[in-house]
Amino acid sequence: MRYFLEFDTSRLPEEEASVVVCGSGIGGLTTAIVLKELGEEPVILTRGVGNTYYSQGGIAAAVHPHDSTHSHLMDTLRAGRYLNDPEAVKILVEEGVLRIADLERWGVRFDRKEDYYDTTSEGGHSFRRVLKVKDFTGKEIYTKLLRRVKELGIPILKGELQEIVGEEKAEGILYTSEGSLRFLRTKAVVLATGGAASMFLYTSNPSKVRGDGIGIAVRAGVPLRNPEFVQFHPTVLEGTNVLISEAVRGEGAVLVDSEGNRFVDELQPRDVVARAVYEKLKEGRRVFLDMRPVFSKGIDLGDRFPTIADFLKERGIDPRRDLVPVVPAAHYYIGGLLVDTFGRTPIPGLYAVGECACTGVHGANRLASNSLLEGVVFGYRTAYRVHHDLLYFKGSKSNFSSKQKGQGRHGVRFTDLKALMWEKAGLVRNGEELSKAENILMDWIGKVKKAERTPENRRLLDILLVALLTVKGALMRKESRGVHYRSDYPNEREGFRRDTLIVLNPLLE
């Protein structure tokens, strides 16, 4: 089942580029910028603004002379419950210091107090090493990197990735633009398509980030690494997908239940805090973020957190006197496509960066504000690897086709998937419910495979495949570690301190 769509590239509009970057978050934009600076001619394919733009908290790096990359490394390993790849973490924290300078070189302006970085603290960090731009750090990084892309004259195609095509290597992509299927012939493909946390009922992810880019690569034969690890953010404003940054808790906000009782150390790693909130909700209580301690410290919320302040005001909430109702929500897909420290997947010519990739830096639980850092560090390294590899890749002149056919409708809805994943593969899991989810997903996949070969059905199929492999990973990991919590195996087990690797089951093909 490598291809889903029916197509013949000889009959499609064709374009050509030496390398195409699919996605425009921090990983994709960094890769494209560095490739251009190295003399290559990348093209960016994007279907719109993704998670980077909405990132509030910041980007972690040991830039302060009293901090150390070793301390940052140890904090990352502790949060990841020692499932991290130590080599990848060392690269992250050491090269991260260098990449902060590159972000500034490209126009990013981090907050300063006098002549120093005005850093903050977040859960799991032993030092105030999180650089920020008020509470819209991601927006600042996205807009300045996008401006740099335009200054460099890097072409941006508006469209949606549909298929990776080729024989023994990635030799092109199919994408849709304005309702038309097109073929882009290329020597290298870099996936920067984002994560898959939106397949859960409650999520902080924007609607366009759905994880199907991961599914496309899985169908092409790339293994999925550690898909069972999905991080849930503890504080998303009730009834919305807007998160209230962990940095608010770093500045003193506390979590209380409906009786006004504080019930958790708010600066513990996110998995601990999210489960504590979830347990209160299961008891039938509501949970609130009390932001009044932030004001008592003399911090101006409108100045420090203008995005959050404006959003609360729109909802009629005055955090000076009102408690802010919050719920946990799926936030970050820690697992992803198997890559090495230069972004290479096992398929020649196919690379992955950012949240769709799994470099191993996050282990079983992502340390706060390490994700933006991962995007810029490994995007930079991937660009250098692609630059060298292009010397050895010959462009293909072949045409590709698939005569797969389907018919009829399937009756499976994305909203059904979101409810299933939240109920049976959410914050607290067990083998019985995961097995039920696996059976349901297999049934849905079978139905979608037989349906019409449309881009909409392709998208749903690929999300279903990612969901299925996420559930399979959760079933395989018979322990609780980091964000993966199983009530039937509530403790860490040393025998499971290893990666989960899953290749799409041949029975599905």
Side-chain angles (χ1 to χ4, degrees), residues 73-89 123-124 195-197 199-200 214 218 223-234 264-265 268-279 282 328-338 355 357-368 370-371 420-441 466-503 505:
L73 180 145
M74 293 306 299
D75 290 346
T76 301
L77 293 179
R78 275 192 293 269
R81 299 308 308 150
Y82 305 100
L83 193 71
N84 324 61
D85 179 338
E87 178 190 1
V89 178
M199 63 184 171
F200 291 84
I214 298 173
V218 166
L224 210 52
R225 180 184 190 183
N226 295 338
E228 64 269 32
F229 295 110
V230 181
Q231 187 177 72
F232 291 79
H233 198 286
V264 67
D265 176 357
Q268 290 187 89
R270 285 179 179 173
D271 63 305
V272 177
V273 180
R275 277 198 298 275
V277 174
Y278 179 72
E279 290 300 327
K282 281 180 63 179
H331 179 56
Y332 190 88
Y333 197 67
I334 292 173
L337 300 169
L338 177 66
E355 195 174 345
C358 185
T359 61
V361 299
H362 303 307
N365 186 15
R366 176 179 68 97
L367 181 64
N370 268 356
S371 52
L420 178 77
M421 292 299 288
W422 180 261
E423 291 168 7
K424 301 192 181 304
L427 283 93
V428 178
R429 304 160 167 176
N430 65 69
E432 181 180 356
E433 295 301 304
L434 288 168
S435 294
K436 290 178 182 177
E438 181 182 30
N439 291 333
I440 293 170
L441 288 167
V466 176
L468 175 66
L469 299 191
T470 300
V471 168
K472 281 183 174 291
L475 276 167
M476 292 166 63
R477 185 168 292 279
K478 294 180 171 61
E479 67 160 353
S480 292
R481 186 182 295 269
V483 297
H484 170 70
Y485 183 82
R486 284 190 56 164
S487 58
D488 48 352
Y489 294 99
N491 300 310
E492 285 186 8
R493 303 171 68 187
E494 184 61 21
F496 283 91
R497 192 157 66 89
R498 60 177 186 264
D499 286 338
T500 303
L501 285 179
I502 309 178
V503 179
N505 192 323

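Heavy-atom basis, side chains included; hydrogens, waters and symmetry copies ignored. For clarity, every value in this text was computed on a predicted model and none was experimentally measured.
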Any side-chain heavy atom of Leu475 sitting closer than 4.5 Å to one from Ser435?
-> yes
By salt bridge (Lys or Arg N to Asp or Glu O under 4.0 Å) - contacts of Arg225 (at least two apart) | Asp499
Taking only residues two or more places apart in sequence, or in another chain, which ones meet Ala364 in a side-chain contact (heavy atoms from CB on, under 4.5 Å)?
-> Arg81, Leu83, Phe229, Arg481
Could you list the residues that satisfy ring pair (Phe, Tyr, Trp, His ring centres under 6.0 Å) with His484, not counting sequence neighbours?
-> none
Please identify each residue that fulfils side-chain contact (heavy atoms from CB on, under 4.5 Å) with Val218, with sequence neighbours left out.
-> Ile214, Leu224, Leu337, Leu469, Leu504
dist Met74:CE -> Leu367:CG (nearest 0.5 Å) comes out at 12.0 Å
Minimal heavy-atom distance between Val471 and Ala425, with the atoms involved, is CG2-CB, 4.2 Å
Enter the distance from Ile334:CD1 to Gln231:CD here, rounded to the nearest 0.5 Å.
-> 5.0 Å
In this structure, CG of Leu468 is separated from CD1 of Ile440 (nearest 0.5 Å) by 12.0 Å
Hey, does Pro234 have a side-chain heavy atom less than 4.5 Å from the side chain of Tyr278?
-> no
Using side-chain contact (heavy atoms from CB on, under 4.5 Å) as the criterion, list what pairs up with Ser480, not counting sequence neighbours.
-> Tyr485, Arg486
Only counting residues at least two apart or in another chain, list the ones meeting ring pair (Phe, Tyr, Trp, His ring centres under 6.0 Å) with Phe200.
-> Phe232
Reported CG-to-CD distance for the pair Leu420 and Glu433, which is rounded to 0.5 angstrom = 9.5 Å
Minimum heavy-atom separation for Ala196 to Val466, with atom names?
-> CB-CG1, 3.9 Å
Separation between CD1 of Ile502 and CE of Met476, rounded to the nearest 0.5 Å | 5.0 Å
Taking every heavy atom of Tyr332 against every heavy atom of Ser371, the minimum-distance pair comes out as CE1-CB, 3.5 Å
Given side chains that start at C-beta, do those of Val428 and Glu279 come closer than 4.5 Å, heavy atoms only?
-> yes
For Arg497, check salt bridge (Lys or Arg N to Asp or Glu O under 4.0 Å) against everything at least two apart and list the hits.
-> Glu494
Heavy-atom side-chain proximity of Asn226 to His362 below 4.5 angstrom = no
Distance-only side-chain donor-acceptor flag, Thr76 / Asn370, under 3.5 Å = yes
Looking only at heavy atoms, which two atoms of Gly431 and Asp488 are closest? And how far apart?
-> N-OD2, 2.8 Å
Does any N or O in the side chain of Glu438 come within less than 3.5 Å of the main-chain N or O of Lys472, such that one atom is a donor and the other an acceptor?
-> no
Nearest heavy-atom neighbours spanning Ala276 and Val264 = CB-CG2, 3.9 Å
Would you please name every residue forming a side-chain hydrogen bond (donor to acceptor under 3.5 Å, both in side chains) with Arg78, sequence neighbours left out?
-> Asp75
Side-chain heavy-atom pair Trp422, Leu427 within 4.5 angstrom cut-off | yes
Distance-minimising heavy-atom pair for Cys358 and Gly336 | CB-N, 3.5 Å
Results of side-chain contact (heavy atoms from CB on, under 4.5 Å) for Ala88 - residues two or more places apart only = Asp85, Thr341, Val361, Phe378
Go through the structure and list residues passing salt bridge (Lys or Arg N to Asp or Glu O under 4.0 Å) with Lys478, not counting sequence neighbours.
-> none
Criterion salt bridge (charged side-chain N to carboxylate O under 4.0 Å, His left out) on Lys436 and Glu432, from CA distance to verdict = CA-CA 6 Å; Lys436 290 178 182 177; Glu432 181 180 356; 3.8 Å; yes
Any chance you could lay out the side-chain contact (heavy atoms from CB on, under 4.5 Å) test for Met421 and Thr470, step after step, and finish with the verdict?
-> CA-CA 9 Å; Met421 292 299 288; Thr470 300; 4.2 Å; yes
